[in-house]
Asks: 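I am attaching a structure below and will ask some questions about it afterwards.
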2 protein chains.
Amino acid sequence: MRLPSIRQLQYLQAVVSLRHFAQAAERCHVTQSTLSTGIQELEGLLGAQLLERSKRKVLPTPLGLAMADKAEQLLSLAAQMVEEAQQDRPLLSGPLRLGVIPTIGPFLLPQVLPSVRERFPQLELYLVEAESAVLLKKLEEGDLDCAIFALPYELGRMESQVFASETFWVALPKGHRLASGGPIAPAQLVDDELLLLEEGHCLRDHALSACHRRDLQQKAAFQGTSLYTLIEMVAGGQGITFLPNMAVNSALMQHKDIELRPLAEAGPHRELALVWRKEYYRKVDLEALTACLSELLENGV
Amino acid sequence: MRLPSIRQLQYLQAVVSLRHFAQAAERCHVTQSTLSTGIQELEGLLGAQLLERSKRKVLPTPLGLAMADKAEQLLSLAAQMVEEAQQDRPLLSGPLRLGVIPTIGPFLLPQVLPSVRERFPQLELYLVEAESAVLLKKLEEGDLDCAIFALPYELGRMESQVFASETFWVALPKGHRLASGGPIAPAQLVDDELLLLEEGHCLRDHALSACHRRDLQQKAAFQGTSLYTLIEMVAGGQGITFLPNMAVNSALMQHKDIELRPLAEAGPHRELALVWRKEYYRKVDLEALTACLSELLENGV
DNA sequence: TCTCATTAATCGATTTTTCCTATTAATTAT
DNA sequence: ATAATTAATAGGAAAAATCGATTAATGAGA
């Protein structure tokens with residue numbers, strides 16, 4: 001079905017409300033001739049007469065009136081569209097779907113979200129906690145706007161912005177031979193059972209990388225489902241593990257049967273980054289968010 | 001404010017629903033290139049991004065989704081317009097504003113309207129009774145669709161169609177010298193006081209014309225406001241008058257103190273016609289109406 | 001890792017549409 | 001009668017929409 005054009009509807013609306021071709025043309029910023037042919041085309045398209053014309057009067061037919069009415073609705077809808085689109089939203093307002101990996105979420109978010117919410121009160125955050133691979137998939141599918149990852153991680157076509165660095169700590173059972181003293185070098189731990197999160201957590205790879213080990217086929221019983229369970233296993237004397245800075249500082253990680261020592265290995269051991277599709281339509285917002293996070297973490301929140 | 005075009009909205013609707021430029025282009029019967037630039041123009045117009053594009057995926061932004069939604073509404077409204085306009089109404093259906101002069105209305109309408117309504121059950125008649133000049137004005141202003149006049153009458157730019165002819169009868173008080181016998185010639189009435197309707201009624205002119213008299217400045221007290229009052233005046237012996245056929249046949253005009261004789265004057269004395277603007281948009285309906293009236297009157301209803 | 005296929009964007013040319021100027025025909029007002 | 005007003009029309013110019021071909025990015029498969 002061939003539809004009338006917006007222009008034609010504007011012509012109709014004008015001529016029905018003014019009852020005068022020349023005046024209507026002026027309102028539409030076209031010549032009388034243009035408007036005249038426009039109306040004729042509309043009538044042809046609709047297959048019905050919309051106006052009675054004489055040299056002295058322009059008289060809408062009942063159908064013309066009805067059509068003008070609908071045209072008005074339609075035009076106002078179109079105008080609404082433009083208005084709605086053109087009002088530029090303030091930075092970081094409206095819905096934002098943010099993914100976080102489980103080894104960051106519980107430690108970072110309680111720390112920073114109150115300030116973020118205070119700074120951007122119109123922001124509506126929808127949080128999703130999942131492993132990196134899942135988040136990456138959701139990002140690609142458009143189910144998330146952005147996500148917080150721990151790097152290094154293969155991000156594919158995503159863009160990212162690092163907003164914090166972390167070093168690792170060694171978590172030892174109380175009474176371990178290295179339990180007191182200064183930083184611990186990876187070489188000192190070769191004889192210890194290294195407890196890791198189950199497959200899929202990037203922290204597993206980062207930890208291995210920090211102590212220059214290859215991946216080891218651990219028994220499922222020795223794989224933690226979360227840092228909390230891992231800590232319990234360390235406290236139980238089943239081995240040692242590495243914890244990121246952020247977890248160490250968290251009150252949730254305090255445990256009376258655990259000793260913590262810095263890992264003596266140069267450079268940051270993982271970096272926290274905000275990640276998004278490179279086609280994402282509001283990168284400025286995300287850049288503002290990373291700036292905000294970075295600032296909050298530098299100032300110790 | 002510059003508005004988006006219908007075409008652009010179709011493009012948006014298609015690409016958002018299909019998530020694919022080439023397929024959307026096919027649905028819109030244009031090339032991918034055309035659709036692509038169309039969407040870009042729309043985005044430029046709205047000043048906002050509607051889609052995230054990558055080579056593997058087309059992802060509407062929240063605004064894009066909202067706009068596509070509105071676009072759909074708008075397009076369906078436009079389609080509705082076309083549909084509504086294109087369904088052709090049956091003959092003589094819907095509202096019709098019909099004017100009638102007072103010397104016809106009360107006699108003709110009760111006679112014909114039942115049959116008309118029966119024949120065109122979807123017709124919604126709005127009746128206006130007024131003198132010819134008033135009806136003509138209303139016709140010109142578009143306040144009426146058509147009107148029933150008695151001719152001759154100067155109709156200006158109107159078109160008309162005669163559907164009946166009438167001869168006049170002479171109404172005499174009982175006991176008048178001409179009260180019995182055959183038809184009466186105008187010359188026989190020169191000595192009688194001729195009673196007429198007040199200024200404005202065309203019957204006044206038609207009556208004068210029928211007896212070849214010039215207009216006479218009658219005293220207001222001798223001018224009737226309706227045929228009923230005129231008849232009462234005749235019955236009271238104040239003079240004579242002329243009545244059209246139709247009124248004579250009407251039961252309303254029976255009066256014991258009146259005698260009626262045909263006027264012996266060649267040809268019809270007035271003609272009944274349906275009148276409309278020559279620009280009127282549904283002349284076929286009116287032609288059907290005159291045909292119907294004409295037929296009804298010929299067959300004696 | 002290297003093609004090959006797919007996809008949206010881009011460019012230049014062409015067609016289509018839109019629009020304007022000038023004029024006409026009908027009508028009204030003076 | 002004469003001038004002014006009005007909507008329609010014709011012809012040409014300007015603007016736009018569209019197409020075909022190409023490009024660059026990406027993903028799939030060998």
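Note on naming: letters A, B, ... go to the chains in the order of the sequence lines (proteins, then strands), and numbering restarts at 1 for each one.
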Asks: Please determine whether a side-chain nitrogen or oxygen atom of B:R157 lies at a distance below 4.0 Å from atom OP1 or OP2 of C:dT28.
Replies: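 Result: yes.
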
Asks: Please check the phosphate of C:dC20 (OP1 and OP2 only) for any side-chain N or O of A:T34 closer than 4.0 Å.
Replies: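 For A:T34, the contact criterion (side-chain N or O under 4.0 Å from OP1 or OP2 of C:dC20) is met.
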
Asks: Whole Å only: how far is the NZ atom of A:K57 from the C1' atom of C:dT27?
Replies: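 After rounding, the reported distance stands at 13 Å.
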
Asks: Would you call A:K57 and B:E141 a salt bridge, using N to O less than 4.0 angstrom?
Replies: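 B:E141 and A:K57: salt-bridged.
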
Asks: Write down the distance between CZ (B:R277) and P (D:dA7), rounded to a whole number of angstrom.
Replies: 16 Å

Asks: Which one, C:dA8, C:dT27, C:dT10, comes nearest to the side chain of B:S33?
Replies: C:dT10

Asks: 5'-most contact on DNA chain C: B:K278 or A:T37, nearest heavy atom basis?
Replies: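 In this pair, the answer is A:T37.
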
Asks: Strictly below 4.0 Å: does A:R56 bring a side-chain N or O up to OP1 or OP2 of D:dA7?
Replies: no

Asks: Is there a side-chain contact (heavy atoms from CB on, under 4.5 Å) between B:L286 and B:Q161? Walk through the geometry before answering.
Replies: CA-CA 9 Å; B:L286 300 187; B:Q161 172 79 44; over 6 Å; no

Asks: So which nucleotide from C:dA8, D:dC19, D:dA8 ends up closest to the side chain of B:S36?
Replies: C:dA8

Asks: Below 4.0 angstrom from OP1 or OP2 of D:dT6, is there any side-chain N or O of A:Q23?
Replies: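 Looking at the OP1 and OP2 atoms of D:dT6, neither is under 4.0 Å from any side-chain N or O of A:Q23.
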
Asks: Toward the 5' end of DNA chain D, which comes first, B:Q8 or A:E140, by nearest nucleotide?
Replies: B:Q8

Asks: What is the distance, to the nearest angstrom, from the NE2 atom on A:H20 to the P atom on D:dA8?
Replies: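 Spelled out: NE2 on A:H20 to P on D:dA8 is 12 Å.
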
Asks: Pair B:E43, B:R53 - check salt bridge (Lys or Arg N to Asp or Glu O under 4.0 Å), show working.
Replies: CA-CA 13 Å; B:E43 288 184 326; B:R53 300 108 153 134; 3.0 Å; yes

Asks: Return the value, rounded to whole Å, for the distance between atom CD of A:E43 and atom P of D:dA7.
Replies: 13 Å

Asks: Check this one for me: any side-chain N or O of B:R53 less than 4.0 Å away from OP1 or OP2 of C:dT7?
Replies: no

Asks: Measure CZ/B:F21 against C1'/C:dA8 and give the value in whole Å, please.
Replies: 7 Å

Asks: For the base of D:dA8, is there a side-chain donor-acceptor partner from A:Q32 under 3.5 Å away?
Replies: yes

Asks: How long is the straight-line distance from CD of A:E140 back to CZ of A:R277, given to the nearest 0.5 Å?
Replies: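 Here the rounded value is 9.5 Å.
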
Asks: Any side-chain donor paired with an acceptor under 3.5 Å for A:S17 and A:R27?
Replies: yes

Asks: Using a 4.0 Å heavy-atom cut-off across all strands, classify B:E41 as base, sugar-phosphate, or nothing.
Replies: sugar-phosphate

Asks: Tell me: CD1 of A:I39 to P of C:dC19, nearest whole Å?
Replies: 12 Å

Asks: Between B:Y11 and D:dT18, is there a contact of a side-chain N or O with OP1 or OP2 at under 4.0 Å?
Replies: yes

Asks: Between C:dT7 atom P and A:E279 atom CD, what is the distance in whole Å?
Replies: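 A:E279 atom CD is separated from C:dT7 atom P by 16 Å.
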
Asks: In whole angstroms, how far is the P atom of D:dA7 from the CD atom of A:E26?
Replies: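 After rounding, the gap between these two atoms is 13 Å.
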
Asks: In the structure I gave you, are the side-chain heavy atoms of B:I39 and B:V15 within less than 4.5 Å of one another anywhere?
Replies: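 Yes - at least one pair of side-chain heavy atoms lies under 4.5 Å apart.
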
Asks: Got a donor-acceptor pair under 3.5 Å from the side chain of A:S54 to the base of C:dT27?
Replies: no

